[in-house]
Number of protein chains: 2
Amino acid sequence: MAKNKRDIERQVKQEEIEAAATRLFVERGYDATSMAQVAEQAGVAPNTLYWYYKNKDEMLVATLNRLVGKGLSEYAQMADQPLDTQLLWLLGQFEQFSALVTTVHARVEHAATVREWHANFHMMLDQLMIARLQAQGVTAEQAGLLATVTGFVVEGLLSHATPQPQREAIVQWLLRAGVQTA
Amino acid sequence: MAKNKRDIERQVKQEEIEAAATRLFVERGYDATSMAQVAEQAGVAPNTLYWYYKNKDEMLVATLNRLVGKGLSEYAQMADQPLDTQLLWLLGQFEQFSALVTTVHARVEHAATVREWHANFHMMLDQLMIARLQAQGVTAEQAGLLATVTGFVVEGLLSHATPQPQREAIVQWLLRAGVQTA
DNA sequence: ACCTGAACACCGTTCAAGT
DNA sequence: ACCTGAACACCGTTCAAGT
């Protein structure tokens, strides 16, 4: 919604900052990345970051939104694939950000903004999955339960680096058992 | 294995430090607890802690071992309960330390000692669960898969504060589906 | 062997001052 | 409105010095 030159320049600078933050957070982790490092990569003074973000946690949420936005737009191409294929693809996508999964859970307890983002993110994924399951004839209750469990399993697989064949076996068993025992 | 007076006094002091660390880590979290705070509660100078532990991560591992030891000794009383009862009891026990679950995952990436502890902890729980499942006639392969999934679900339930009835429904469905589709 | 005071390099964040 | 230099309070950790 850039209205004038000043607005555009602000967005460009913000883009640079978030690109730097995203790269550093993904590569070396949130804790291991200092505000000074982000500032250096973005070509500004450290305290300048506080003009754009209230604090480090809000900068994290900004990078999360960028990543999710990019992920959702790529997900559009997978819309007609079967559910297990979608889930395994999702795991492959999230793999590179697996460090951020843990980071989010760590910050949820201390930062209200991250807590809110996290709740919304899970609700979104749950809804997505519930819709798919109900289309397969699973009851609303069972679909909700299965969506929650699948979310936990996805997070578990991401944060525990399971070998690919085992990962596939788990996803396929989960969906099969989920529909079968509905 | 205290052999003499000096050894005993060392153990007493270490006990005090670990009691203080455990309390603070559980109450206000690992990140939010400074070495200075632990030292103050234990009645020593901050740098004295480094005589007992190589760094903050090793102090964390020491507190984890204390908590697990206590937990296992209480688990002995539950040995003859059905598996779902045991799991729900375990969740109740871990509830108070749910913050530490996230902390461990966060430190796994950066500290080798925590990484090692985490791997051993999961192996122990997996073995415990696999033995139980095989006794129910589940194949070794299916038992392994189910143990992994259950571990993920337990961690998910702990770090996402699910309401009790939903929690029970999830645990019961998981075990039923796990044995049923074996 | 055990403990400490002082210091080190760093951290996230704030503030007053600039344009 | 946007950016900065300087400072603040704090952090985990180290080191030389004590007993």
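The basis for the numbers below is simple: all heavy atoms, side chains too, and nothing from hydrogens, waters or symmetry mates. Just so we're on the same page: letters track the sequence lines, and every chain starts at 1.
- Judged as a salt bridge (Lys or Arg N to Asp or Glu O under 4.0 Å), not a single pair has a partner in residues 124-138 of chain B (not counting sequence neighbours).
- Residue pairs meeting the salt bridge (Lys or Arg N to Asp or Glu O under 4.0 Å) criterion with at least one partner in residues 157-171 of chain A, sequence neighbours excluded, are A/Glu95-A/Arg167.
- One can place CD of B/Gln11 at 16 Å from C1' of C/dC2, the figure rounded to the nearest angstrom.
- Residue contacts shown for A/Tyr52 are limited to sugar-phosphate atoms, with no base heavy atom under 4.0 Å away.
- Nucleotide C/dG12 holds its C1' atom 15 Å from the CG atom of A/Leu60, rounded to whole Å.
- Remark: A/Glu40 pairs with no residue by the side chain to side chain contact (heavy atoms under 4.5 Å, CB included) rule, at least two apart or across chains.
- Judged as a side chain to side chain contact (heavy atoms under 4.5 Å, CB included), and not counting sequence neighbours, the contacts of B/Glu109 are A/Ala99, A/Thr102.
- With sequence neighbours left out, A/Tyr30 forms a ring pair (Phe, Tyr, Trp, His ring centres under 6.0 Å) with A/Phe25.
- When only modelled atom types and interatomic distance are considered, B/Arg10 and B/Gln14 share a side-chain donor-acceptor pair under 3.5 Å.
- Considering only residues two or more places apart in sequence or on other chains, A/Trp117 meets the ring pair (Phe, Tyr, Trp, His ring centres under 6.0 Å) condition with A/Phe121.
- Contact check of residues 14-34 of chain B against DNA chain C (heavy atom, cut-off under 4.0 Å) returns no residues at all.
- Residue B/Lys13 contributes atom NZ, which lies 19 Å from atom P of C/dA1 at whole-angstrom precision.
- Every residue two or more places apart in sequence or in another chain that forms a ring pair (Phe, Tyr, Trp, His ring centres under 6.0 Å) with B/His122 is listed here: A/His160, B/His118.
- At C/dA1, none of the side-chain N or O atoms of B/Arg10 fall inside 4.0 Å of OP1 or OP2 (strictly under the cut-off).
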Q | DNA chain D base-pair string [pairs: Watson-Crick or G-U under 3.5 Å; |: paired with another strand] | A | ||.|||||...|||||.||
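- We find that CD of B/Glu40 is positioned 11 Å from P of D/dC11, with the value rounded to whole Å.
- Residues forming a side chain to side chain contact (heavy atoms under 4.5 Å, CB included) with B/Glu16 (at least two apart in sequence, or on another chain): B/Val12, B/Lys13.
- Contact between the side-chain N/O atoms of B/Trp51 and the OP1/OP2 oxygens of C/dC2 is found at a separation under 4.0 Å.
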Any protein N or O atoms within reach of nucleotides 13-19 of chain D? Criterion: under 3.5 Å, listing atom names and distances.
unit_1, atom_1, unit_2, atom_2, d
D/dT13, OP2, B/Tyr50, OH, 2.7
D/dT13, OP2, B/Lys56, N, 2.9
D/dT13, O5', B/Tyr50, OH, 3.2

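- Contacts of A/Gln41 classified as side chain to side chain contact (heavy atoms under 4.5 Å, CB included), with partners at least two apart in sequence or in another chain: A/Ala20, A/Arg23, A/Leu24.
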Q.
Apply side-chain contact (heavy atoms from CB on, under 4.5 Å) to residues B/Leu67 and B/Leu100 and explain how you reach the verdict.
A. CA-CA 11 Å; B/Leu67 289 172; B/Leu100 285 182; 3.6 Å; yes
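- Regarding A/Leu49, its CG atom lies at a distance of 15 Å from the P atom of D/dC2, rounded to whole Å.
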